[in-house]
Amino acid sequence: MGSAPQLTVIQSRDNSFVKELRRLSQDSTAYRKQGRIWLEGDHLCRAALARGLKPAVAVFSESFWPQAPVQWAQAASKVVVLADALFADISGLESPARMGYLMDWDAGRQVSAGLSTVVLDRVQDAGNVGSILRSAAAFGFTQVVALKGTAALWSQKVLRAGMGAHFGLHLVEAAAVDDVQLLQVPLIVTSSHQGDLIHEARLPWPCAWAMGHEGQGVGPALMEMASHHIRIAQPGGEESLNVAAAAAICLHASSVSALVRQG
């Protein structure tokens, strides 16, 4: 049996810990300054625990604390119980959750070579970024490299849209275009007007898919670096697809292509 976690009860909104949580919850890039991320809600917390991650602090609302599962509290070395009004005040959700974890954040992750990767080139919508992370995790991609100008990967909106996918991926933030060359796998870009149709193409594995800005698409530097240009057939006649939808189609096609070759 391990020792019981240290327990602190907080009632004041002026408490420094409460102020820290409020910044993490409401400022999309505060985690970069503080070196910690805030996971609100049991779904994200369970996803982190399932990947073997250990929270620095477990936080519970006062009304939920008496019924909180013991294992949720014992996962951390420190437990903080907040008055319900304080938890609601820091929450970024319309219906505040009753618990969360404060996790240490590794700011020093570098690009790893040889991994199937998704490169995000200035994808700015947090919902799109989170959705792409989910698709990457679902279809066997293990690394996401976000170029400068992309939505903050560990912001609250991206975390919620990612639904726990973050914890199974190697995530690199604020990368430069030149860092993409370190991947050492074929780079594939999508285009609405050039390249092979995806359902006819022979897709390499491992590979890196570049997903571009919602309005401008993939930038010219990545276009020049690409070894493959791919189009998605759109018989309905739309000009373009949402970037998250396009990513899901492309990553699934790569995954299926790899499975067929292995089989």
Side-chain angles (χ1 to χ4, degrees), residues 31-32 37 39 43-54 103-123 126-148 150-155 158-190 198 201-212 218 222 225-228 230 243-263:
Y31 67 90
R32 294 174 179 169
I37 57 171
L39 307 181
H43 179 88
L44 282 177
C45 293
R46 284 200 307 267
L49 293 180
R51 289 287 181 175
L53 301 180
K54 183 175 176 58
M103 314 282 295
D104 291 328
W105 175 67
D106 178 11
R109 289 193 170 185
Q110 303 296 315
V111 172
S112 292
L115 302 181
S116 282
T117 299
V118 180
V119 178
L120 301 178
D121 181 13
R122 299 161 297 125
V123 180
N128 284 337
V129 172
S131 179
I132 292 170
L133 264 57
R134 289 183 71 183
S135 294
F139 298 129
F141 288 74
T142 54
Q143 180 170 238
V144 175
V145 175
L147 302 189
K148 293 172 185 175
T150 297
L153 296 187
W154 294 95
S155 68
V158 175
L159 276 165
R160 288 195 290 272
M163 296 288 288
H166 286 69
F167 311 121
L169 296 166
H170 181 82
L171 301 177
V172 181
E173 283 202 306
V177 171
D178 288 346
D179 293 331
V180 176
Q181 296 176 331
L182 302 175
L183 292 171
Q184 298 179 25
V185 295
L187 178 66
I188 310 173
V189 298
T190 57
I198 192 168
R202 182 174 175 83
L203 299 172
W205 188 271
C207 67
W209 279 93
M211 298 295 157
V218 175
L222 288 184
M225 291 168 59
S227 58
H228 297 70
I230 294 294
V243 65
I249 293 169
C250 294
L251 303 186
H252 176 261
S254 273
S255 178
V256 169
S257 178
L259 288 172
V260 167
R261 257 175 279 171
Q262 290 172 5

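The chain is numbered in sequence order, starting from 1.
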Q. Considering only heavy atoms from C-beta outward, does the side chain of W209 approach that of T190 to under 4.5 Å?
A. yes
(Q) Would you compute the distance between atom CG of N128 and atom CG of L133 and round it to the nearest 0.5 angstrom? (A) 11.5 Å
Q) Going through the checks in order, is the side chain to side chain contact (heavy atoms under 4.5 Å, CB included) test met by L203 and I230? A) CA-CA 10 Å; L203 299 172; I230 294 294; 4.1 Å; yes
Q | Derivation of the side chain to side chain contact (heavy atoms under 4.5 Å, CB included) call for V158 and H166 | A | CA-CA 9 Å; V158 175; H166 286 69; 3.6 Å; yes
Q) Going from OG1 on T117 to CG on L169, what distance comes out if it is rounded to the nearest 0.5 angstrom? A) 10.0 Å
Q) Which atoms form the tightest heavy-atom contact between L120 and T150, and what is the distance? A) O-OG1, 3.1 Å
Q: To the nearest 0.5 angstrom, please state how far the CH2 atom of W154 sits from the OH atom of Y31.
A: 8.5 Å
**Q.** Counterpart residues, salt bridge (Lys or Arg N to Asp or Glu O under 4.0 Å), relative to R32 (two or more places apart)
**A.** E173
Q.
So, taking the atom named NE2 in H228 and the one named CG in L187, what distance separates them when rounded to the nearest 0.5 Å?
A. 10.0 Å
Q: For I188 and P204, work out which heavy atoms get closest and say how close.
A: CD1-CD, 3.8 Å
Q: Taking all heavy atoms of S255 and all of W205, pick out the closest pair and write down the distance.
A: N-CZ3, 4.3 Å
Q) Is R51 atom CZ crowded by more than 12 heavy atoms from other residues, nucleotides or ligands, each under 6.0 Å away? A) no
Q. For V172 and L153, which heavy atoms make the closest approach, and how far apart are they?
A. O-CD1, 4.1 Å
**Q.** Minimum heavy-atom distance between A165 and A137, given as atom pair plus value
**A.** CB-CB, 4.0 Å
Q | Nearest non-hydrogen partners of A113 and Q184, listed with the distance | A | CB-CD, 4.1 Å
Q. Mind checking whether L182 and Q110 have side chains closer than 4.5 Å, heavy atoms only?
A. no
Q) Backbone N or O of L251 within a donor-acceptor pair of the S254 side chain at under 3.5 Å? A) no
**Q.** Backbone N/O of M163 and side chain of H43: donor-acceptor pair under 3.5 Å
**A.** yes
Q.
Whether the side chain of H170 engages the backbone of V145 through a donor-acceptor N/O pair (distance < 3.5 Å, no angle test) should be reported.
A. no
Q: Determine, step by step, whether V119 and L183 satisfy the side chain to side chain contact (heavy atoms under 4.5 Å, CB included) criterion, reporting the C-alpha distance in whole Å, the side-chain angles of both residues, the deciding distance to 0.1 Å, and the verdict.
A: CA-CA 10 Å; V119 178; L183 292 171; 3.9 Å; yes
**Q.** V185/L115 under side chain to side chain contact (heavy atoms under 4.5 Å, CB included): CA gap, chis, key distance, verdict
**A.** CA-CA 7 Å; V185 295; L115 302 181; over 6 Å; no
Q: Give a yes or no on this: more than 12 heavy atoms of other residues, nucleotides or ligands lie within 6.0 Å of atom NZ of K54.
A: yes
Q. Roughly how far, to the nearest 0.5 Å, is CE of M103 from CG of L39?
A. 5.5 Å
Q. Quick one: does S135's side chain have a donor or acceptor within less than 3.5 Å of a partner on A247's backbone?
A. no
Q | salt bridge (Lys or Arg N to Asp or Glu O under 4.0 Å) partners of D179, counting only residues at least two apart | A | none
